[in-house]
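What follows is a single structure, written as structure tokens, with notes after it.
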Amino acid sequence: MSLYPLFANLSGRRVLVVGGGSVGERKVLALSRTGARIEVGAPQITARLARLVDSGLITHRNGTFEDAWLDHVWLVIAATGERALNRQIAAAAEARRLFVNVVDDAELSTFQVPAVVDRSPLMIAISTGGAAPVLARLVRERIESLFDASLGPLAALAARYRQRIRQRWPELGPRRRFLESMFGGKIAADLRRQRPLEAERALRDALEAPQSGAPPGSVAVVGAGPGDPGLLTLNALRALNEADVILHDRLVSAEVLELARRDATFIDVGKQGGGAHTSQECIHALMLEHARAGRRVLRLKGGDPFVFGRGGEELEFLRGHGIDYTVVPGITAAIACAAYAGIPLTHREHAQGVRFVTAQHRDSIDTLDWRALAADRQTLAIYMGLGSLERVADRLIAHDRAAGTPFALIENGSRPGQRVIRGTLATLAESAAAHEVQSPALLIVGPVAALADRLHWYGATPLTAEPVAADALRAA
Ligand code: SAH
């Protein structure tokens, strides 16, 4: 035997909640959005319930439960916390053929209250028939993370235009195809980025267009974070679920790609170190080709797309070609590596600021403002610096940063094989060589780097590699 799901219209109808404690209060609050006429029956009620009574939003039947309380009532909730009393209420309701819910007691209840994901007017209700409420809650959390808040306005928009959509596509097949494109395409995206007027305009355009061609595609430029899939944002996860085509970088971890829609097309556009100009052009061409074919393209980048990720160039390109785009930020390597190494990037005693810099090429190194970078009381987070460690250390020291300034080199930050190498500027290059540090690795320079020795919590303990230790290591 299974339960029959239903959504009740309680507007203007009398509902009795017996019990005025915190549970009863929760039930009243949940009911208050339905427009029901709520009566709370109890000898005592909480202060919050009392305020609702005072403001005339609910009424209070003062005393212990009596059968007459059920007169004119449509639905009953028993939240007294006393089993015998709950049983009496359930029996009285049953005798009058009223549906009754006894809180946390499936046996005495003739209806159950599901776990709910509320995207009004869209409402998702989950029930395990009382078998495993905790499981229902877990499912609810999963669903909550799957659908963002724009789903409510989307459902409301579809409701408002329902007649016109029906007139425009009288046949079910084409109408369904249009609605699918509406819920997955530009109109949904416009609502998500807080542009309701544009969403409505796009819907009207679609209604007025002489014939419905393929809906235009779009590109989501998304940060995948440093590797640990737990560091994805909910928006990134949703984009992974929706994408038709995924163009991903070398730095995007396999665990993150695992979370994507199974039947999406995956294209690895990873550029090995440096990356020739043609590759970027090729990525542009691929984005354009797939978006023009009406697909939802996900441009997935390691870390954050706007931090040494060429995200800006890609947006310029898309804009230039009239392709719709959205951007989802990601946790950039500096933030993630610092956190996973136990290094606070700023610190009241040690660092008032932090700079993100890249030291990839000889030319770009020469254009950096070394005097500013060498200043005390700040932290440097240096991306793509593995090839220039010696030069970086030399320049900083030449501009008066102390040779004893701590550094931490974090390899594979937030990933299973994470290593942290610790030392001082004077021995930076040697230390990295001794431990054969590989890309991707992020360099943090400044007093805060030393805190990793005490505050580390993830993966292996930081390795120190001052010359003595390094020699010992080589000998081993
Ligand atoms: N957009 C990316 C950066 C791309 S540049 C971001 O926001 O993180 C590539 C550089 O980022 C690498 O050379 C390395 O310095 C750093 N990096 C990226 N992921 C890393 C990781 N998991 N661990 C250590 N460094 C990382």
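Atoms within a ligand are numbered from 1 in the order they appear, just like the ligands themselves. If you read the sequence from its start, that first residue is 1, and numbering goes on from there. Not measured: the values here are computed from a predicted model.
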Next item on the list: Can you sort out the partners of D148 under side chain to side chain contact (heavy atoms under 4.5 Å, CB included), two or more places apart, ordered by chain and number?
Entry: S150, R192, R238
Next item on the list: Using side chain to side chain contact (heavy atoms under 4.5 Å, CB included) as the criterion, list what pairs up with A374, not counting sequence neighbours.
Entry: L396, H399, R401
Check: Is D190 salt-bridged to R195, going by a charged N under 4.0 Å from an acidic O?
Finding: no
Next item on the list: Look at R395 together with D366 and state whether they make a salt bridge at an N to O cut-off of under 4.0 Å.
Entry: yes
Where does ligand 1 get N/O contacts under 3.5 Å from the protein, atom by atom?
from, atom 1, to, atom 2, distance (Å)
ligand 1, 1 (N), G302, O, 3.0
ligand 1, 1 (N), D304, O, 2.9
ligand 1, 1 (N), V307, O, 2.7
ligand 1, 7 (O), D304, N, 2.8
ligand 1, 7 (O), D304, O, 3.4
ligand 1, 7 (O), T332, OG1, 2.6
ligand 1, 8 (O), T332, OG1, 3.3
ligand 1, 8 (O), A333, N, 2.9
ligand 1, 13 (O), M384, N, 3.4
ligand 1, 15 (O), M384, N, 2.9
ligand 1, 15 (O), A441, O, 2.7
ligand 1, 22 (N), P226, O, 3.1
ligand 1, 22 (N), G413, O, 3.1
ligand 1, 23 (N), G413, N, 2.8

Next item on the list: Scan L247, V245, L318 and name whichever one has a side-chain contact (heavy atoms from CB on, under 4.5 Å) with V219.
Entry: L318
Please tabulate, for side-chain N and O atoms in residues 328-351, each donor-acceptor pair with protein atoms closer than 3.5 Å (sequence neighbours left out).
from, atom 1, to, atom 2, distance (Å)
T332, OG1, Y383, OH, 2.6
Y340, OH, D228, OD2, 2.8
H347, ND1, E349, N, 3.1

